[in-house]
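All heavy atoms count here, side chains included; hydrogens, waters and symmetry mates do not. The chains referred to below are lettered A, B, ... by the order of the sequence lines, with proteins before strands, and numbering in each begins at 1.
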Amino acid sequence: MPELPEVEITRRGIGPIVGLPITQVVVRNSRLRWPIPSYLAEALTGKSVRRILRRAKYLLFDVGEGWLIVHLGMSGSLRIVESQEPPRVHDHVDWVFGDVSLRLRDPRRFGAVLWTSGAVEKHALLARLGVEPLSDEFSGRVLYESSRRRSASVKQLLMDHKVVVGVGNIYANESLFRAGIHPGTPSGRITKRRYDRLASEVKLTMHAAIEAGGSSLRDFVHSDGSRGYFQQQYCVYGRSGLPCHSCGRLVKITRTGQRSTFYCPNCQH
DNA sequence: CCACGCTCCTGCGCGC
DNA sequence: TGCGCGCAGGAGCGTG
């Protein structure tokens, strides 16, 4: 499942299509989270992508007159393929650049393909997002200040995209473990100092993932894509009932909201 | 403003 | 070996 590091790796991996004119747009299935706009092909054909940006987990393709917005959802991937390679099931969209195509696969169809002709940062999906976790804007201070007078747990705060974007369930679990913070702690009761540590761990975890994935960018672009997705060694995520790597106590699982929360009862307080 | 629950969808793992 | 069930998850959106 693409977390922010995978989306960033994808952004870098599909860089080779920048500057190439779009010769055709093929939509085989427009029923993603929202319907793909029917005018998308008309809006894009003949244009070229000037640059590809990322905001949160959204990929933003600048084509001059507007922006293509792509979200990979839970199961989406974007790959550069040879245009004659036959599409497989769940390959919903091709952006064709002559001999090569950018191909979107998304089995669960939680992803999105949208278009905006206005300023992309004003788009309804992007306008109210919080800070980027890898930017200097994100620090313990952001978490501390947005947590005052809040009753929600620290894990829910960390996953609130109005505060900081791109921290999904896996990175929330892992960062809290690394920071030694129990995920259920009321966010309003955590000190600034502990939030500094937490923000630092979010950055470290994400940077390490990007570096691990970035090292196989060539494979990502030229193969079936699977090798570009690094296999992260998780400390707690998905490890309920297994011994903590740090202390040996068994990792526990609970539910926070609708999501699985993993933690070490000995290392996290 | 805040918190929470619902929803979309398919692949996978598990139990029998 | 095969079948069917339930779970997993990103994040917008509606409700209280």
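- Atom CZ in A:Arg128 sits roughly 12 Å away from atom C1' in C:dG12 (whole-Å rounding).
- Note on A:Gln156: a side-chain N or O is less than 4.0 Å away from OP1 or OP2 of B:dC4.
- Residue A:Ser151 is classed as a sugar-phosphate contact, given heavy-atom separations below 4.0 Å to backbone atoms only.
- The stretch residues 126-144 of chain A participates, sequence neighbours left out, in these side chain to side chain donor-acceptor pair (under 3.5 Å) pairs: A:Arg54-A:Glu132, A:Arg55-A:Glu132, A:Arg141-A:Glu145.
- The nearest pair of heavy atoms linking A:Leu129 to A:Ala56 is CD1-CB, 3.9 Å.
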Pairs under 3.5 Å (N/O, protein and nucleotides 14-16 of chain C):
none

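- Between the C1' atom of B:dC9 and the NE2 atom of A:His90 lies a distance of 10 Å, rounded to the nearest Å.
- Stem regions for DNA chain C, each three or more consecutive Watson-Crick or G-U pairs with both distances under 3.5 Å and listed by first number, read B:2-16 with C:2-16.
- Rounded to an integer number of Å, the gap from A:Arg105 CZ to B:dG11 C1' is 14 Å.
- Counting to the nearest Å, the C1' atom of C:dG12 and the CG atom of A:Leu114 are 12 Å from each other.
- Side-chain atoms of A:Arg103 do not come within 3.5 Å of backbone N or O of A:Ile80 as any donor-acceptor pair.
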Between protein and nucleic acid, restricted to nucleotides 8-11 of chain C and to nitrogen or oxygen atoms under 3.5 Å apart, what atom pairs and distances do you find?
residue, atom, partner, partner atom, Å
C:dA8, OP2, A:Arg255, NH1, 2.8
C:dA8, N3, A:Arg108, NH1, 3.3
C:dG9, OP1, A:Asn169, ND2, 3.3
C:dG9, OP1, A:Tyr237, OH, 2.4
C:dG9, OP2, A:Ser260, OG, 3.4
C:dG9, N2, A:Arg108, NH1, 2.9
C:dG10, OP1, A:Glu3, OE2, 3.2
C:dG10, N7, A:Arg259, NH2, 2.8
C:dG10, O6, A:Arg259, NH2, 3.2
C:dA11, OP1, A:His71, NE2, 2.5
C:dA11, OP2, A:His161, NE2, 3.4
C:dA11, N6, A:Arg259, NH2, 2.8

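- Here B:dT10 presents its P atom at 15 Å from CG of A:Asp91, a figure rounded to the nearest Å.
- Shortest non-hydrogen contact noted between A:Gly13 and A:Pro16 is O-CD, 3.3 Å.
- Between the CG atom of A:Asp160 and the C1' atom of B:dC2 there is a distance of 9 Å, given to the nearest Å.
- Atom C1' of nucleotide B:dC1 and atom CZ of A:Arg148 are separated by 17 Å, given to the nearest angstrom.
- Not a single side-chain hydrogen bond (donor to acceptor under 3.5 Å, both in side chains) links A:Asn266 to another residue, sequence neighbours left out.
- Annotation for A:Ala172 and A:Met159: closest pair CB-CG, 3.7 Å, computed over non-hydrogen atoms.
- By the salt bridge (charged side-chain N to carboxylate O under 4.0 Å, His left out) test, A:Arg28 pairs with A:Asp94, sequence neighbours left out.
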